[in-house]
Amino acid sequence: MARPARRVRNHNGGPAMSLLDAARDVRENAYAPYSHFKVGAAIRGASGTIYVGCNVENVAYPEGTCAEAGAIAAMIAAGETEITEVCVIADSPTPVTPCGGCRQKLAEFSRGEVTVRMATVDGPEQVVTVADLLPGAFGLGHLGHGHAVKG
């Protein structure tokens, strides 16, 4: 069974490795017995801490979770709410973009200019921004008056 998303730090409390290395390492823990398509994701929070996640499939296909969602959940569980950088890696001939749902999740916790590095295990990469991935993202402004964020 796959390990849960985890925080990656060195003994000084700073980042222990690059986002790409963290995503590549956690990808190996993906639970993908049906598609055999392992994905790893790493996100950097505003504190500099790297949070990782991998895809977890379920025999009831819609019940699986994406790597990006796992990394975001680990960040939220640690008490952070802002993403400053994203990296996703998969074994694919071309870089794989986050799915639509994960694009919206990334937009929830990122500014539009946050970079998203999409990589393959064999080297090809593409770098875009969250705004590039989800132009016109649904946001708080769409909810109308009386829907203020309570913190």
Side-chain angles (χ1 to χ4, degrees), residues 2-10 12-27 29-32 34-35 37-58 60-90 92 94-120 124-151:
R3 294 182 193 142
R6 64 186 188 277
R7 292 168 40 160
V8 180
R9 302 181 121 200
N10 69 17
N12 295 330
M17 59 181 73
S18 75
L19 280 183
L20 181 58
D21 289 338
R24 185 183 312 277
D25 287 353
V26 76
R27 180 187 162 277
N29 295 334
Y31 180 73
Y34 310 108
S35 72
F37 189 73
K38 294 182 173 189
V39 180
I43 59 176
R44 189 180 313 277
S47 71
T49 301
I50 296 173
Y51 302 93
V52 298
C54 57
N55 59 316
V56 179
E57 293 180 349
N58 189 290
Y61 289 113
E63 298 305 315
T65 57
C66 297
E68 301 90 333
I72 291 169
M75 179 188 74
I76 297 301
E80 288 204 61
T81 58
E82 184 181 353
I83 297 170
T84 61
E85 192 177 3
V86 179
C87 183
V88 181
I89 188 170
S92 177
T94 59
V96 175
T97 65
C99 73
C102 284
R103 292 175 190 208
Q104 185 64 47
K105 289 174 180 77
L106 290 169
E108 179 77 14
F109 301 104
S110 306
R111 294 188 176 129
E113 67 271 10
V114 166
T115 59
V116 180
R117 181 179 181 185
M118 298 167 294
T120 69
E125 294 185 13
Q126 181 180 4
V127 178
V128 298
T129 65
V130 169
D132 292 334
L133 286 175
L134 192 63
F138 185 83
L140 185 59
H142 292 100
L143 296 179
H145 301 300
H147 290 93
V149 174
K150 297 186 172 136

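All figures in this text were calculated on a predicted structure; none of them were measured in a lab. Start at 1 with the first residue, then count along the sequence.
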| Mind checking what makes ring pair (Phe, Tyr, Trp, His ring centres under 6.0 Å) contact with F138, not counting sequence neighbours? | H142
Return the [atom1] to [atom2] distance between [X] and [Y], rounded to the nearest 0.5 Å.
X: I83; Y: R44; atom1: CD1; atom2: CZ; answer: 12.5 Å
X: L134; Y: C102; atom1: CG; atom2: SG; answer: 11.5 Å
X: I50; Y: E85; atom1: CD1; atom2: CD; answer: 8.0 Å
X: D21; Y: C87; atom1: CG; atom2: SG; answer: 9.0 Å
X: Q126; Y: M118; atom1: CD; atom2: CE; answer: 4.0 Å

| said: If you apply the rule side chain to side chain contact (heavy atoms under 4.5 Å, CB included), what do you find for I72 with I43, and how did you get there? | reply: CA-CA 7 Å; I72 291 169; I43 59 176; 4.0 Å; yes
| query | Does the side chain of T81 reach to within under 4.5 Å of the side chain of I76, using non-hydrogen atoms? | reply | yes
If I compare all heavy atoms of [X] with all of [Y], which pair ends up nearest, and what's the gap?
X: V96; Y: V88; answer: O-CG1, 4.4 Å
X: P95; Y: A119; answer: CB-N, 4.3 Å
X: T84; Y: A46; answer: CG2-CA, 3.8 Å
X: T120; Y: R24; answer: O-NH1, 4.5 Å
X: A42; Y: A22; answer: CB-CB, 4.0 Å
X: A71; Y: A41; answer: CB-O, 4.1 Å

| field | Listed once per pair and sorted, the salt bridge (Lys or Arg N to Asp or Glu O under 4.0 Å) pairs that draw on residues 102-115, sequence neighbours left out | value | E82-R111
| field | With V39, the side-chain contact (heavy atoms from CB on, under 4.5 Å) member among I89, V26, N55 | value | N55
| Test salt bridge (Lys or Arg N to Asp or Glu O under 4.0 Å) applied to R117 - qualifying residues, sequence neighbours left out | E125
| remark: Contacts of N58 meeting side chain to side chain donor-acceptor pair (under 3.5 Å) (sequence neighbours excluded), chain-then-number -> none
| With sequence neighbours excluded, residues passing side chain to side chain donor-acceptor pair (under 3.5 Å) with T129 | D132
| said: Between S110 and L106 (side chain of the first, backbone of the second, donor and acceptor by atom type, cut-off under 3.5 Å), is there such a pair? | reply: yes
| query | Do E57 side-chain atoms and Y34 backbone N/O form a donor-acceptor pair below 3.5 Å? | reply | yes
| message | Applying side chain to side chain donor-acceptor pair (under 3.5 Å) as the test, list every pair that has at least one member in residues 62-73; sequence neighbours left out. | response | none
